[in-house]
2 protein chains.
Amino acid sequence: MQQVTFNVENARVQMRKGLLEFPILLILAEGEMYASDILRKLKAADLIIVEGTLYPLLSRLRKNGLVEYEWKESKSGPPRKYYTLTKVGERVLDELLETWTILSSSINTLKKAYEKSS
Amino acid sequence: MQQVTFNVENARVQMRKGLLEFPILLILAEGEMYASDILRKLKAADLIIVEGTLYPLLSRLRKNGLVEYEWKESKSGPPRKYYTLTKVGERVLDELLETWTILSSSINTLKKAYEKSS
DNA sequence: ACTAGGTACCTTGCTTTGCAAGGTACCTGT
DNA sequence: ACAGGTACCTTGCAAAGCAAGGTACCTAGT
């Protein structure tokens, strides 16, 4: 019996801390990608992240059962690990979307109060 | 000659990581507050933070010259440290406001792409 | 065949930082 | 004088982003 444990409360904490797993899950929701694809997409969205961060992060997501991968050959170069979201990953993504909504509205509330007062 | 160094680039990294200094600066922009005031305001905005985080954070902000404090007596209980933003703090806050705008629009772009595809 | 260069994946060590837990000191009311 | 509330702070731990460095594969040119 394999138990998939993913503590959503902890993920909320991590979002405040890292705010990186969320965009990566969002990107993977579009379809299978390998590391360079993800880096490209994040860069295009102005979110900077480097290899040394991404690889451990993908491993972490895999250990938690949010993503899985498949080796695929490349036409030019070494084989690639193509990642996809699992069902659990999709559920977590939905939670994180909600968390993001709450977080950004919290901050925007504070922001509006500031703009009004200045 | 005392040099006030506050690396805005580093602050951007920290925002992605912690996302706590920013709301605290926003709250202090409203006027002088002591720790409990700040905790109350953060809680009201659904941003959870505890004493053990806040005190070191305020010290850090003070060391970096973003805030300063003044002791004031309380009508009931021990004296309080009332914090206010410095000029530097105000400038940094403006930077962080911009960073927040960029960050949230990045994520919202990814979010919209996801919503469209699902 | 060999080697140079590009691509892809991964690890190690460091630093920062949020947090839980615990601690000190002050002030007030009984 | 002491109990309870308020306020400030510190210590030790764990998580995670990052810089830097490393391994392996594949292709193309010699």
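Source: prediction; values computed, not measured. Below, chains carry the letters A, B, ... as their sequence lines are ordered, and counting in each starts from 1.
- A donor-acceptor distance shorter than 3.5 angstrom exists from the side chain of A:T109 to the backbone of A:S105, with no hydrogens or angles considered.
- C:dC9 atom C1' lies 16 Å from atom CD of A:E73, rounded to whole Å.
- Taking for each of A:W71 and A:G77 the nucleotide of DNA chain C with the nearest heavy atom, the 5'-most of the two is the partner of A:G77.
- Comparing D:dC8, C:dG18, C:dA8 by their nearest atom to the side chain of B:E51 picks out D:dC8.
- Between the CD1 atom of B:I49 and the P atom of C:dC19 there is a distance of 7 Å, rounded to whole Å.
- Residue A:Y34 places no side-chain N or O under 4.0 Å from the OP1 or OP2 atom of C:dC9.
- Here D:dC9 presents its C1' atom at 8 Å from NZ of B:K81, a figure rounded to the nearest Å.
- Remark: B:K81 fails to qualify as a cation-pi partner of B:Y34 under the 6.0 Å distance and 45° angle criteria applied to the six-membered ring.
- Using a 4.0 Å heavy-atom distance criterion, B:K75 is classed as a sugar-phosphate-only contact.
- Among the protein residues, B:S36 comes within range of the sugar-phosphate backbone only, with heavy atoms under 4.0 Å from sugar or phosphate atoms but none that close to a base.
- Put simply, B:R80 has no side-chain N or O that comes within less than 4.0 Å of OP1 or OP2 on D:dC8.
- B:T86 places a side-chain N or O within donor-acceptor distance of the main-chain N or O of B:L66, the cut-off being under 3.5 Å.
- With distances taken from any side-chain atom of B:Y55 to the nucleotides D:dC9, C:dC19, D:dG17, the minimum falls on D:dC9.
- When the side-chain nitrogen and oxygen atoms of B:R60 are compared with OP1 and OP2 of C:dG18, one or more of them lie within a distance under 4.0 Å.
- Taking atom CG of residue A:L39 and atom P of nucleotide D:dC18, one finds them 11 Å apart after rounding to whole Å.
- One interatomic measurement links the two molecules: CG of B:L19 to C1' of D:dG17, which rounds to 15 Å at whole-angstrom precision.
- A salt bridge links B:R40 to B:D37: one of the charged nitrogens lies within less than 4.0 Å of a carboxylate oxygen.
- As a whole-Å value, the separation of A:I38 CD1 from C:dC10 P is 12 Å.
- Between A:P79 and A:G52, the residue whose closest nucleotide on DNA chain C is further toward the 5' end is A:P79.
- Residues A:Y69 and A:Y82 form no side-chain contact, since every pair of their non-hydrogen atoms from C-beta on lies 4.5 Å or further apart.
- An OP1 or OP2 oxygen of C:dT28 is reached within less than 4.0 angstrom by no side-chain nitrogen or oxygen of B:S76.
- Nucleotide C:dC19 holds its P atom 9 Å from the CD1 atom of B:I48, rounded to whole Å.
- Rounding to whole angstrom units, CD1 of residue B:I24 and C1' of C:dG18 are separated by 11 Å.
- If you find the closest nucleotide of DNA chain D to A:L57 and to A:P78, the one lying nearer the 5' end belongs to A:L57.
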